[in-house]
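One structure below.
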Amino acid sequence: MSDTIKHAKCLVIGSGPAGYTAAIYASRANLEPILYTGNEIGGQLITTTDVENYPGYPDGIMGPQMMEDFRKQAERFGTEVNYAMISKVDFSGPVHKVWAEDGTEIHANTVIISTGASAKWLGLESEQRLTNKGVSACAVCDGFFFKGLEVAVVGGGDTAAEEASYLAKLCPTVHLLVRRDEMRASKIMQDRVKKTENIIIHWNTQTEEVLGAEEVEGVRVVNTKTGDKSEIPVKGFFVAIGHKPNTDIFKGWLDMDDVGYLVTKPDSTHTNVEGVFASGDAQDRIYRQAVTAAGTGCMAALDAERYLTEKEII
């Protein structure tokens, strides 16, 4: 184990659009940021193929390449990128202490948390095998690719209702697969789904397998009450059972909502701890887009710079 101690005016935790954007802005403000990528280098976009809705890429771009571009830009301005996971934090003092998995201890005047969130999956082998080949966890990101095609959405909460409603504007038929005989979604979202003619709700329906060899061709479902099995031919399969923010190591230090999203003060990225800021999907349970994550990364860097200026650290 290393007993190295690093000192940083600005520490960025996470390497998705929020983390890299925060690093770019912090670098250009001479904060000399140190960034730790975490295990999922590049965040959720690293598992995304075509990104067509991020401004500046008129022909689209592969998710991993886009994150590589972000990294190069951050390093160009002087960001120190470390390919390691942060395993522990101590936000009790004016200087924040953070530990990497290799034992490195970082003492930081400001910390920008950009650890993102992970989509919840059903856990099926076929779902994993066909991810980005018709299986997706984001209708807003990927729905356009299924324009004019039949799709299925699995879930019964607000996320599933929103995804189904969005896809219904693009697809002739949307099959909403609900495991129980009722939805958990809010009343207004349920009413919207039920009033949309091209959304077919399949009650008491559990997904058994996503069908297809090279791309999604359908879904095999089982009725949880009768045990009857059936197949629904679809070209897209959207898993909408929620996201889990990657914020467990901050429990006990930072305010969170009931799911684990970090709570920030209105119109800012400030958390309840002075000098600690949150950006991206770790604090955004509503939009969860690369472009909004990048925007909050910018905000966090600006907030960190102002904080350091007020404390006369820079």
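Note that the structure is a prediction, hence the values are computed from the model and not measured. Just so you know, residue 1 is the first one in the sequence shown, and it goes up from there.
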### Any residue meeting ring-ring contact (aromatic ring centres under 6.0 Å, His included) with Tyr261, in chain and number order, not counting sequence neighbours
none
### Query
What residues form a side chain to side chain donor-acceptor pair (under 3.5 Å) with Asp248, not counting sequence neighbours?
Lys244, Lys251
### Value rounded to 0.5 Å, distance of OH in Tyr57 from CD in Glu52
13.5 Å
### Query
Does Val210 offer a backbone N or O that forms a donor-acceptor pair with the side chain of Ser126 under 3.5 Å?
yes
### Query
Is any side-chain N of the basic residue among Glu215 and Lys133 closer than 4.0 Å to the acidic one's carboxylate O?
no
### Task
Please list, chain by chain and in numerical order, all residues satisfying salt bridge (Lys or Arg N to Asp or Glu O under 4.0 Å) with Arg28, sequence neighbours excluded.
none
### Task
Would you mind reporting whether Leu211 and Arg220 have side-chain heavy atoms less than 4.5 Å apart?
yes
## Note on the structure
Taken in chain and number order and not counting sequence neighbours, the residues that satisfy ring-ring contact (aromatic ring centres under 6.0 Å, His included) with Phe277 are His270
### Query
Would you find more than 12 non-hydrogen atoms of other residues, nucleotides or ligands less than 6.0 Å from Arg76 atom CZ?
no
### Query
How about Lys6 and Glu80: do any of their side-chain heavy atoms sit closer than 4.5 Å?
yes
### Task
Please list, chain by chain and in numerical order, all residues satisfying side chain to side chain donor-acceptor pair (under 3.5 Å) with Thr79, sequence neighbours excluded.
Ser27
### Message
Is the shortest side-chain heavy-atom distance between Val276 and Val89 below 4.5 Å?
### Response
no
#### Entry: Minimum side-chain heavy-atom gap His243-Asp281 below 4.5 Å
no
### Query
Which residues pass the ring-ring contact (aromatic ring centres under 6.0 Å, His included) test with Phe70, sequence neighbours left out?
Tyr54
### Message
I'd like to know whether Gln73 forms a side-chain hydrogen bond (donor to acceptor under 3.5 Å, both in side chains) with Asp69, so could you lay out the CA-CA distance, the side-chain angles of the two residues, the decisive distance to 0.1 Å, and finally the verdict.
### Response
CA-CA 6 Å; Gln73 192 169 354; Asp69 291 347; over 6 Å; no
### Message
When you compare the side chain of Thr269 with that of Gln283, does any pair of heavy atoms fall below 4.5 Å?
### Response
no
### Task
Verify the cluster assignment for Ile241 and Val135: are they in a single hydrophobic cluster under the rule of side-chain heavy atoms below 4.5 Å apart?
yes
### Flag for Thr104-Thr4: side-chain donor and acceptor within less than 3.5 Å
no
### Query
Taking only residues two or more places apart in sequence or in another chain, which ones pass side chain to side chain contact (heavy atoms under 4.5 Å, CB included) with Thr173?
Glu150, His175, Ile200
### Query
Quick one: salt bridge (Lys or Arg N to Asp or Glu O under 4.0 Å) partners of Lys265, sequence neighbours excluded?
none
### Query
Considering residues, nucleotides and ligands other than Phe250, do more than 12 of their heavy atoms fall under 6.0 Å from its CZ?
yes
### Message
Could you check whether any side-chain heavy atom of Phe91 comes within less than 4.5 Å of a side-chain heavy atom of Val98, counting everything from C-beta outward?
### Response
yes
### Query
Looking at side-chain heavy atoms only, is the closest gap between Met256 and Leu262 below 4.5 Å?
yes
### Query
Under 4.0 Å between a Lys/Arg side-chain N and an Asp/Glu carboxylate O for Lys72 and Glu75?
no
### Task
Please list, chain by chain and in numerical order, all residues satisfying salt bridge (Lys or Arg N to Asp or Glu O under 4.0 Å) with Lys88, sequence neighbours excluded.
none
### Query
Do other residues, nucleotides or ligands put more than 12 heavy atoms under 6.0 Å from Glu231 CD?
yes
### Query
Does the side chain of Trp253 come within less than 4.5 Å of Asp90's, by heavy atoms?
yes
#### Entry: Residues forming a ring-ring contact (aromatic ring centres under 6.0 Å, His included) with Tyr36, sequence neighbours excluded
none
Under 3.5 Å, which donor-acceptor pairs link side chains of residues 153-164 to any protein atom two or more places apart or in another chain?
unit_1	atom_1	unit_2	atom_2	d
Asp158	OD1	Ser186	N	2.7
Asp158	OD1	Ser186	OG	3.1
Glu163	OE1	Ala139	N	3.0
Glu163	OE2	Ala139	N	3.4

### Between CD on residue Glu305 and CD1 on residue Ile314, distance to nearest 0.5 Å
5.0 Å
### Residue pairs involving residues 125-164 (criterion ring-ring contact (aromatic ring centres under 6.0 Å, His included); sequence neighbours excluded)
Phe146-Phe238
